[in-house]
Amino acid sequence: MILGIATVVVLVLVAVALLPAKKRDRDGGNLNFTQPLVRPTSFRQQQLNEEAEAIADEYQRRADEAWREELGEKAATLLKSKPATTSRSAKS
């Protein structure tokens with residue numbers, strides 16, 4: 001039963017980890033599409049804006065990747081520790 005609960009918790013955490021990334025990608029696409037129409041800028045300023053966005057996107061991608069890796073490690077630790085606790089109780 002504890003293993004089932006732990007599995008559900010892990011699945012919910014993974015789903016939560018993936019949903020914001022999809023929403024950000026969808027919202028980011030809309031912002032990039034409307035931005036040139038709102039404010040015309042020089043070619044150099046446009047290059048700087050695109051470079052800044054690329055750097056920010058890469059930073060966010062790496063942060064998300066690190067967070068997912070940490071979440072996976074915690075989930076694996078949780079799943080490993082729960083059966084061990086159950087088996088110790090069974091041995092007693």
Side-chain angles (χ1 to χ4, degrees):
M1 172 135 170
I2 295 174
L3 181 61
I5 293 171
T7 304
V8 171
V9 168
V10 169
L11 291 175
V12 169
L13 290 174
V14 169
V16 169
L18 294 176
L19 287 177
K22 289 181 181 179
K23 183 179 179 186
R24 185 184 62 250
D25 291 342
R26 185 178 65 235
D27 293 343
N30 292 340
L31 292 175
N32 290 338
F33 179 72
T34 58
Q35 188 176 10
L37 298 175
V38 174
R39 201 169 99 190
T41 57
S42 68
F43 180 70
R44 180 65 182 145
Q45 185 63 40
Q46 183 179 358
Q47 284 181 323
L48 291 173
N49 288 344
E50 289 174 359
E51 190 174 325
E53 287 178 18
I55 291 169
D57 288 344
E58 180 66 16
Y59 178 79
Q60 186 64 47
R61 184 190 66 78
R62 289 182 183 185
D64 289 345
E65 187 177 291
W67 184 77
R68 284 188 196 113
E69 184 177 321
E70 183 180 338
L71 180 67
E73 290 172 2
K74 287 181 180 179
T77 303
L78 178 67
L79 289 174
K80 287 179 184 177
S81 68
K82 292 299 181 181
T85 304
T86 305
S87 63
R88 288 180 192 161
S89 298
K91 290 179 184 177
S92 297

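What you see is a predicted model, and the numbers here were worked out from it, not measured in a lab. Quick note: residue numbers are just sequence positions, from 1.
- Taken from CD in E50 to CD in Q47, the straight-line distance is 7.5 Å, to the nearest 0.5 Å.
- For V12, the side chain to side chain contact (heavy atoms under 4.5 Å, CB included) partners at least two apart in sequence or on another chain are V8, V16.
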Check step by step if side-chain hydrogen bond (donor to acceptor under 3.5 Å, both in side chains) holds for N49 and E53.
CA-CA 6 Å; N49 288 344; E53 287 178 18; over 6 Å; no
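- The salt bridge (Lys or Arg N to Asp or Glu O under 4.0 Å) test applied to E58 returns R61, R62, not counting sequence neighbours.
- For I5, the side chain to side chain contact (heavy atoms under 4.5 Å, CB included) criterion is met by M1, V9, not counting sequence neighbours.
- How far CD of E51 is from CD of Q46: 13.0 Å, rounded to the nearest 0.5 Å.
- Looking only at atom types and distance, the side chain of D64 has a donor-acceptor partner in the side chain of Q60 under 3.5 Å away.
- Annotation: the span from E73 atom CD to L78 atom CG amounts to 13.5 Å, rounded to 0.5 Å.
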